*Asks:* 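Take a look at this one; I'll ask things after.
A quick note: this is a predicted structure, and the numbers were derived from the prediction, not measured. Counting begins at 1 with the first residue of the sequence.
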Amino acid sequence: MLPDVTNALRWLQQQPQLLSGIGRGIERESLRIRADGSLSEQGHPTALGSALTHDWIITDFAESLMEFVTPVDRDIPHLLTFLRDLHRYVIKNLGDERLWPFSIPGNITDTETIALADYGKSNLGQMKHIYRQGLKHRYGSLMQVISGIHYNFSLPTAFWEAKALANNDTRPLQDIASDGYLHLIRNYYRYGWIIPYLFGASPAVCESFLGHNPVVDTMESDGQGARWFPYATSLRLSDLGYTNKSQSGLAISFNSLEEYVAGLKQAIATPSADYEKMGLFDAQQQRIQLNTNVLQIENELYAPIRPKRVIRRGEAPSDALKRGGIEYIEVRSLDINPFSATGISEEQVRFLDTFLIWCALIESPPMDQEQLHFVKSNWNTVIMQGRKPGLRLKGECGQRDFSLKDAASVLFDGLTSIAEILDQNSDGPYQSTCHHLRNMISDPELTYSGKILNIIKQEGFIGSGVTLAENYRQSLLQEPLEILTEDIFVEKAAESFAEQQNIEAADTLSFEEYLASRNG
């Protein structure tokens with residue numbers, strides 16, 4: 001059913017210090033809203049700096065879709081306090097606006113009110129804006145204002161060195177780490193359904209989000225605009241949410257870095273008949289997409305997890321991977337946690353650490369496209385029916401179907417063994433996390449989706465979102481900054497505007513020339 005981690009743990013149990021120094025980073029998205037829950041139509045606040053160049057506070061698809069980005073951190077309390085400081089400062093500079101606490105947006109009846117993010121007049125800023133024009137025309141604006149959490153994770157260099165020594169692997173460390181992260185990613189695809197089961201928090205949507213989708217008639221309703229599936233965990237990850245069927249035919253392999261990069265390169269060079277019909281320009285000869293390929297740029301690839309390396313300016317992500325190998329992985333399948341003012345909790349961070357280490361340790365055979373498609377079906381089952389009593393998932397490669405409850409129990413046995421190693425010289429926070437989350441296996445109503453659905457049934461989708469948003473606003477307004485200071489934020493904003501001006505002043509090419517140079 002699930003691999004046993006016992007043998008793989010033996011070398012690690014003798015060297016628990018190898019897990020000290022895990023690198024973590026958080027990217028939290030959130031919509032700015034008015035007091036009634038409607039979407040803000042105001043521009044990105046000037047006090048927060050340039051959305052193009054600020055290190056910590058930027059925008060995503062829309063002007064109203066904020067993104068909070070932490071630096072890499074090796075201390076969990078410090079990481080979460082830094083993230084909270086970002087929220088504290090932002091809330092104090094939003095006037096009467098709030099941050100929407102759900103992944104799925106509230107009542108948006110006219111998508112034309114969703115203003116695309118503005119990054120200024122530089123070629124780089126125009127490229128980012130036109131890329132978003134392409135997303136709007138390809139998939140619709142509504143899909144692009146769904147919010148999530150991205151969790152960036154890296155294991156210490158000493159971990160990969162010790163693992164190589166235990167396996168008598170004499171290859172360059174860059175290759176060992178890259179293969180190790182791809183090993184992890186394959187297992188994340190196999191067993192990552194546990195993430196939406198535990199932490200999926202979008203079992204319901206606002207009726208306006210569905211538009212004329214016929215699925216609305218198959219969903220339960222409170223008669224006041226909320227719609228849900230009774231056992232769903234994360235509609236954000238479903239076909240109703242942030243997915244792209246046009247990418248289903250892409251052959252992206254996670255068996256080697258060379259295959260992954262080649263698949264990504266092919267995707268951004270593959271023409272799309274549908275996108276060719278849209279054309280590059282509208283009737284006013286304004287660009288509406290960067291190109292007519294399946295992917296405009298590599299970041300358009302939708303995936304629950306990605307291999308990453310910090311890129312240099314002007315460098316494509318795949319070129320960065322070719323240059324230096326995989327530096328970290330980005331987990332992208334987390335809903336906004338509605339029970340946290342910052343969208344994520346310490347409990348989730350500690351679980352992710354433990355689970356990702358487990359994925360790196362257990363056996364991970366190569367996966368072909370058929371197997372990858374197969375394991376995604378288990379994700380879809382959990383996304384749509386995760387809390388259903390007696391739910392069974394499909395066994396891989398002809399193995400028998402298995403009970404989600406039984407598999408999760410075996411998984412937590414392995415996670416607890418890893419938690420014991422992580423907790424050496426501490427008061428046991430990782431083991432406490434495993435113990436607490438394990439209760440969600442026997443009682444699905446304790447999961448995030450189970451709890452938030454009960455609240456939505458009582459207070460409505462908009463009502464519960466507005467209440468949580470206001471509660472978090474009041475809490476953050478009353479809290480002092482702990483790590484950062486007002487002066488640091490003011491200085492950071494000024495630096496970001498200066499950097500944007502320098503980028504704009506340095507442009508010597510027309511936009512079309514700039515775009516051609518990047519594509520060439």
*Asks:* Under the 3.5 angstrom rule, does the side chain of Glu298 hit a backbone N or O of Lys265 as a donor-acceptor pair?
*Replies:*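 Side chain of Glu298 to backbone of Lys265, a donor-acceptor pair under 3.5 Å: no, none is there.
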
*Asks:* Hey, does Met66 have a side-chain heavy atom less than 4.5 Å from the side chain of Leu48?
*Replies:* yes

*Asks:* Apply salt bridge (Lys or Arg N to Asp or Glu O under 4.0 Å) to residues Asp118 and Arg132 and explain how you reach the verdict.
*Replies:* CA-CA 10 Å; Asp118 182 1; Arg132 285 155 175 76; over 6 Å; no

*Asks:* Taking the side chain as everything from C-beta on, heavy atoms only, tell me whether Tyr302 gets closer than 4.5 Å to Tyr139.
*Replies:*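 The answer is yes, as the side chains (C-beta and beyond) meet within the 4.5 Å cut-off.
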
*Asks:* Whether the side chain of Arg309 engages the backbone of Pro317 through a donor-acceptor N/O pair (distance < 3.5 Å, no angle test) should be reported.
*Replies:* no

*Asks:* What distance separates Ile26 CD1 from Leu334 CG, expressed to the nearest 0.5 Å?
*Replies:* 9.5 Å

*Asks:* Kindly say whether Lys405 contributes a backbone atom to a donor-acceptor pair with the side chain of Ser409 at under 3.5 angstrom?
*Replies:*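 Absent.
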
*Asks:* Closest heavy-atom contact between Gln144 and Leu135?
*Replies:*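 Looks like OE1-CD1, 3.7 Å.
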
*Asks:* So Phe461 and Trp100, would you call those rings parallel, tilted or perpendicular, with 30° and 60° as cut-offs?
*Replies:* tilted

*Asks:* Are the side chains of Asp96 and Arg473 in touch, meaning some heavy atoms are under 4.5 Å apart?
*Replies:*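 Yes. Closest side-chain heavy atoms under 4.5 Å.
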
*Asks:* Which one of Arg88, Lys92, Gln474, His87 satisfies the side-chain hydrogen bond (donor to acceptor under 3.5 Å, both in side chains) criterion with Glu479?
*Replies:*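 Per the side-chain hydrogen bond (donor to acceptor under 3.5 Å, both in side chains) rule, the option paired with Glu479 is Arg88, out of Arg88, Lys92, Gln474, His87.
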
*Asks:* Which value, rounded to the nearest 0.5 Å, describes the distance between Thr342 atom OG1 and Phe68 atom CZ?
*Replies:*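 Going from the OG1 atom of Thr342 to the CZ atom of Phe68 covers 9.5 Å.
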
*Asks:* Could you check if a side-chain atom of Gln348 sits within less than 4.5 angstrom of a side-chain atom of Ile149, using non-hydrogen atoms only?
*Replies:*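 Counting from C-beta outward, Gln348 and Ile149 never come under 4.5 Å.
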
*Asks:* Kindly say whether Tyr275 contributes a backbone atom to a donor-acceptor pair with the side chain of Arg138 at under 3.5 angstrom?
*Replies:*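 No; zero donor-acceptor contacts below 3.5 Å.
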
*Asks:* Tell me if a side-chain donor or acceptor on Asp335 pairs with a main-chain N or O of Gly200 at a distance below 3.5 Å.
*Replies:* no

*Asks:* Do Ser318 and Tyr260 have side-chain heavy atoms sitting under 4.5 Å apart?
*Replies:* no

*Asks:* Output, in order, the C-alpha distance, side-chain angles, deciding distance and verdict of salt bridge (Lys or Arg N to Asp or Glu O under 4.0 Å) for Arg332 and Glu27.
*Replies:* CA-CA 10 Å; Arg332 299 166 53 83; Glu27 302 164 33; over 6 Å; no

*Asks:* Is there a donor-acceptor contact under 3.5 Å from the side chain of Ser38 to the main chain of Arg34?
*Replies:*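 A pair under 3.5 Å: no.
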
*Asks:* Would you check if there is a donor-acceptor pair between the side chains of Glu347 and His436 at a distance under 3.5 Å?
*Replies:* yes

*Asks:* Is it the case that the side chain of Asp85 and the backbone of Leu484 share a donor-acceptor pair, with hydrogens and angles ignored and the cut-off at 3.5 Å?
*Replies:*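 Yes, the answer is positive, given that a donor and an acceptor are paired below the 3.5 Å cut-off.
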
*Asks:* Indicate the atoms forming the closest heavy-atom contact of Leu80 with Ser345, along with that distance.
*Replies:*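 Closest approach of Leu80 to Ser345, heavy atoms only: CD1-C, 4.3 Å.
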
*Asks:* Work out which heavy atom in Ile462 is nearest to a heavy atom in Cys206; give both atom names and the distance.
*Replies:* CD1-SG, 4.3 Å

*Asks:* Take Tyr119 and Tyr131 through the ring pair (Phe, Tyr, Trp, His ring centres under 6.0 Å) test and state the conclusion after the steps.
*Replies:* CA-CA 12 Å; Tyr119 297 103; Tyr131 167 60; over 10 Å; no

*Asks:* Strictly by side-chain hydrogen bond (donor to acceptor under 3.5 Å, both in side chains), give each pair with a member in residues 39-51 just once, sequence neighbours left out.
*Replies:* Arg32-Ser40, Ser40-Glu97, Ser50-Thr53, Ser50-Gln500

*Asks:* Counting N and O atoms only, with roles assigned by atom type, does the side chain of Arg236 sit under 3.5 Å from a partner on the main chain of Ser147, one being a donor and the other an acceptor?
*Replies:*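 Side chain of Arg236 to backbone of Ser147, a donor-acceptor pair under 3.5 Å: yes, one is there.
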
*Asks:* Looking only at non-hydrogen atoms, find the nearest pair between Ile195 and Ser333 and report the distance.
*Replies:* CG2-O, 3.9 Å

*Asks:* Between OG1 of Thr70 and CG of Asp55, what distance do you get to the nearest 0.5 Å?
*Replies:*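 Reported to 0.5 Å precision, the distance equals 11.5 Å.
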
*Asks:* Which of parallel (below 30°), tilted (30 to 60°) and perpendicular (above 60°) describes Phe355 and Phe351?
*Replies:*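 Phe355 and Phe351: parallel rings.
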
*Asks:* Donor-acceptor pair, distance only, cut-off 3.5 Å: does the side chain of Arg392 make one with the backbone of Asp401?
*Replies:*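 Yes; judged by distance alone, with no hydrogens or angles, the pair exists.
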
*Asks:* What pair of heavy atoms forms the shortest contact from Glu29 to Ile146, and how long is it?
*Replies:*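 Between these two residues, the closest heavy atoms are OE1-O, 3.8 Å.
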
*Asks:* Does any non-hydrogen side-chain atom of Asp222 lie less than 4.5 Å from one of Trp228?
*Replies:* yes

*Asks:* Considering only heavy atoms from C-beta outward, does the side chain of Ile344 approach that of Val349 to under 4.5 Å?
*Replies:*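 Yes, close enough: below the 4.5 Å cut-off.
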
*Asks:* Within the side chain of Ser103, is there an N or O that forms a donor-acceptor pair under 3.5 Å with the backbone of Ile336?
*Replies:*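 At least one qualifying donor-acceptor pair exists.
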
*Asks:* Between Tyr448 and Phe339, what is the ring plane arrangement, given parallel below 30°, perpendicular above 60°, and tilted in between?
*Replies:* perpendicular

*Asks:* Once you round to the nearest 0.5 Å, how far does OH of Tyr151 lie from CG of Leu356?
*Replies:* 7.5 Å

*Asks:* Where do Tyr188 and Pro304 come nearest, in terms of heavy atoms and distance?
*Replies:*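 Heavy atoms of Tyr188 and Pro304 come nearest at CE2-O, 4.0 Å.
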
